[in-house]
2 protein chains.
Amino acid sequence: MSKSAVPVNLTDRLSQFSELWSQKKVAVLNDYEVKLAKLKGEFVWHTHEDTDELFLVISGRLTIQLRDADVVLEPGELFVVPRGVEHCPVAHEETAILLFEPEGTLNTGDAGGPMTKVAETLR
Amino acid sequence: MSKSAVPVNLTDRLSQFSELWSQKKVAVLNDYEVKLAKLKGEFVWHTHEDTDELFLVISGRLTIQLRDADVVLEPGELFVVPRGVEHCPVAHEETAILLFEPEGTLNTGDAGGPMTKVAETLR
């Protein structure tokens with residue numbers, strides 16, 4: 001631990017990118033990652049068979065569509081999608097979120113396709 | 001997943017308790033927990049030998065004292081204390097934080113003592 005230990009400012013990190021649906025790693029905790037993303041529009045239906053997935057809304061408004069319910073998240077609200085539960089995020093306005101999940105979790109889970117992107121590290 | 005799937009509102013959950021230095025579980029992700037706490041004053045120096053520990057400040061201001069640096073966190077800032085690194089949180093005003101760490105991580109780590117409290121679940 002050096003004297004350069006500095007916190008991660010979420011607003012600052014969010015100002016460093018504008019791409020939508022592209023996860024950016026901002027911190028690592030053991031073998032888990034904290035990631036940020038900006039969303040607008042509808043994603044793809046997918047499932048993570050091996051892990052739960054945590055969404056925390058920072059700004060905007062996120063609907064996590066499930067097959068039997070919609071979960072609407074305002075800023076300061078979080079929701080954990082359990083492993084094996086099919087879901088599809090949709091944001092009608094640009095929305096910034098924090099994600100928490102195991103290293104290497106792919107954004108599209110089992111669905112694959114053109115929206116699949118490996119998370120990049122923001123420094 | 002039932003139709004009662006509802007998000008966790010952090011402001012709402014924080015309004016449900018006033019105790020200081022008492023961690024409250026608000027969500028579980030795999031074998032990790034999301035906890036909230038209210039802090040004021042100085043905690044105890046301690047180390048978590050087996051895990052990193054994530055602090056995210058929601059309101060107030062938190063200083064994480066390390067043996068060779070102080071990390072000051074404002075709202076919307078996070079910091080991960082690596083495993084094995086001795087630290088001591090201090091908050092000069094009442095400060096609300098979100099913690100992310102493995103289930104069962106004790107607040108006082110290896111230090112024990114009268115500040116030790118097992119996290120309770122907030123519903």
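In what follows, chains carry the letters A, B, and so on, assigned in the order in which the sequence lines appear, proteins first and then strands, with residues in each chain numbered from 1.
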Is there a chain of hydrophobic side chains (I, L, V, M, F, W, Y, each step under 4.5 Å between heavy atoms) that links B:Val90 to B:Val44? no
With rounding to the nearest 0.5 Å, note down the distance linking OH in A:Tyr32 to OH in B:Tyr32. 5.5 Å
Test log, rule side chain to side chain contact (heavy atoms under 4.5 Å, CB included), inputs A:Phe79 and B:Val6: CA-CA 7 Å; A:Phe79 187 73; B:Val6 289; over 6 Å; no
Shared hydrophobic cluster, A:Val81 / A:Trp45 (ILVMFWY, side-chain heavy atoms < 4.5 Å): no
Verify the cluster assignment for A:Leu98 and A:Leu106: are they in a single hydrophobic cluster under the rule of side-chain heavy atoms below 4.5 Å apart? no
Just checking heavy atoms, which of residues 48-56 of chain B are less than 4.5 Å from chain A? B:Thr51, B:Asp52, B:Glu53, B:Leu54, B:Leu56
Whatever's closer than 4.5 Å to a heavy atom in chain B on A:Val34 counts as side chain
Checking A:Pro102 against chain B: side chain, backbone, both or neither under 4.5 Å from a heavy atom? side chain
Linking I/L/V/M/F/W/Y whenever their side-chain heavy atoms sit closer than 4.5 Å, directly or via other members, would A:Leu78 and A:Val72 fall into one cluster? no
Pick whichever of B:Leu29, B:Asn9, B:Val28 has the most heavy-atom pairs under 4.5 Å with chain A. B:Leu29
Report yes if some heavy atom in the side chain of B:Asn30 is under 4.5 Å from a heavy atom in the side chain of A:Arg83; otherwise report no. yes
